[in-house]
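All chains are named by letter (A, B, ...) in the order of the sequence lines, taking the proteins before the strands, and each is independently numbered beginning at 1.
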Number of protein chains: 2
Amino acid sequence: MIEIENITIGSVLKRLRLSMKFSQEELAARSSLDRTYISMLERNIKQPTITTVFLLANALNMKPSEFVQQLEEDFDGHIIKRTKV
Amino acid sequence: MIEIENITIGSVLKRLRLSMKFSQEELAARSSLDRTYISMLERNIKQPTITTVFLLANALNMKPSEFVQQLEEDFDGHIIKRTKV
DNA sequence: GTAGTCTACATACTATAGTCTACAAAATGG
DNA sequence: CCATTTTGTAGACTATAGTATGTAGACTAC
């Protein structure tokens with residue numbers, strides 16, 4: 001069981017984007033998000049809110065739950081570690 | 001087609017929490033989130049990040065994608081409206 | 001009535017989501 | 001190779017995610 005701090009969507013997002021043959025610019029336009037933010041998401045610099053997940057999934061012509069399913073598969077066997085100070 | 005600004009998880013979250021017979025305190029403990037934040041999520045004062053969605057779903061003994069599916073059903077026929085200034 | 005449980009709400013804080021501009025570096029296609 | 005396109009990155013900004021404490025109201029059980 002691998003401990004992680006956050007769910008990171010970078011690899012899933014990039015894979016799906018490329019499978020649609022979209023540039024980041026194209027995906028940004030389709031999702032009404034900022035192009036540089038797409039870049040940051042793909043590099044796991046930032047994580048999206050639920051609304052952003054919906055926007056991205058819609059832009060990728062898939063259901064948000066399908067997008068999340070992809071994440072589940074990537075993070076199977078991982079546990080999110082929450083630290084208490 | 002109804003325009004919305006954000007995906008709000010309040011009604012889904014509360015329904016699922018009650019179906020598990022958890023108090024907000026219980027759900028907070030199981031998800032390692034703050035109790036008052038759970039309250040705010042249920043009242044749609046705040047929206048969660050993807051990591052928080054995973055934490056909540058796990059605490060509710062369901063897959064994150066199932067949780068998101070519930071949201072999809074609630075928001076079927078809605079479109080997220082993004083305003084450009 | 002009283003104590004305990006549950007939740008809403010206010011307030012304040014830290015960390016970060018998301019936007020935007022500018023520029024540099026990398027990739028691509030002819 | 002060169003021009004164009006694409007992506008990474010820095011920096012600054014506004015809005016908000018998430019935490020935490022305290023108070024108050026509602027409800028239930030004894």
Q.
For a quick check under 3.5 Å, do Arg43(A) and Ser39(A) share a side-chain donor-acceptor pair by atom type?
A. yes
Q: Indicate, with a heavy-atom threshold strictly under 4.0 Å, whether Thr36(A) touches base, sugar-phosphate, or nothing.
A: base
Q.
Taking only side-chain N and O atoms of Arg35(B), does any of them lie within less than 4.0 angstrom of OP1 or OP2 on dT21(D)?
A. no
(Q) Under 3.5 Å, is there a donor on one side chain and an acceptor on the other for Asn58(B) and Ser31(B)? (A) no
Q) Rounded to whole angstrom units, what separation is found between the CZ atom of Phe22(A) and the C1' atom of dT7(D)? A) 17 Å
Q | Length of the CD1-C1' vector between Ile45(A) and dT19(C), whole Å | A | 15 Å
Q. Should Arg43(B) be listed as having a side-chain N or O under 4.0 Å from OP1 or OP2 of dA10(C)?
A. no
Q: Using atom CD1 of Ile38(A) as one end and atom P of dA17(C) as the other, report the distance to the nearest whole Å.
A: 14 Å
Q.
For dG8(D) and Gln24(A) - does any side-chain N or O of the residue sit under 4.0 Å from the phosphate oxygens OP1/OP2?
A. yes
Q. To the nearest 0.5 Å, how far apart are CZ in Arg35(A) and CG in Leu27(A)?
A. 11.5 Å
Q. Are any of Ser39(A)'s side-chain N or O atoms less than 4.0 Å away from OP1 or OP2 of dT7(D)?
A. no
(Q) Check this one for me: any side-chain N or O of Gln47(B) less than 4.0 Å away from OP1 or OP2 of dT16(D)? (A) no
Q | Distance, rounded to the nearest Å, where Leu13(B) contributes CG and dA17(D) contributes P | A | 14 Å
(Q) Please evaluate residues Ile4(B) and Lys81(B) with respect to the criterion side-chain contact (heavy atoms from CB on, under 4.5 Å), reporting the C-alpha separation (whole Å), side-chain torsions for both, the decisive distance (0.1 Å), and the verdict. (A) CA-CA 6 Å; Ile4(B) 55 172; Lys81(B) 171 74 178 188; over 6 Å; no
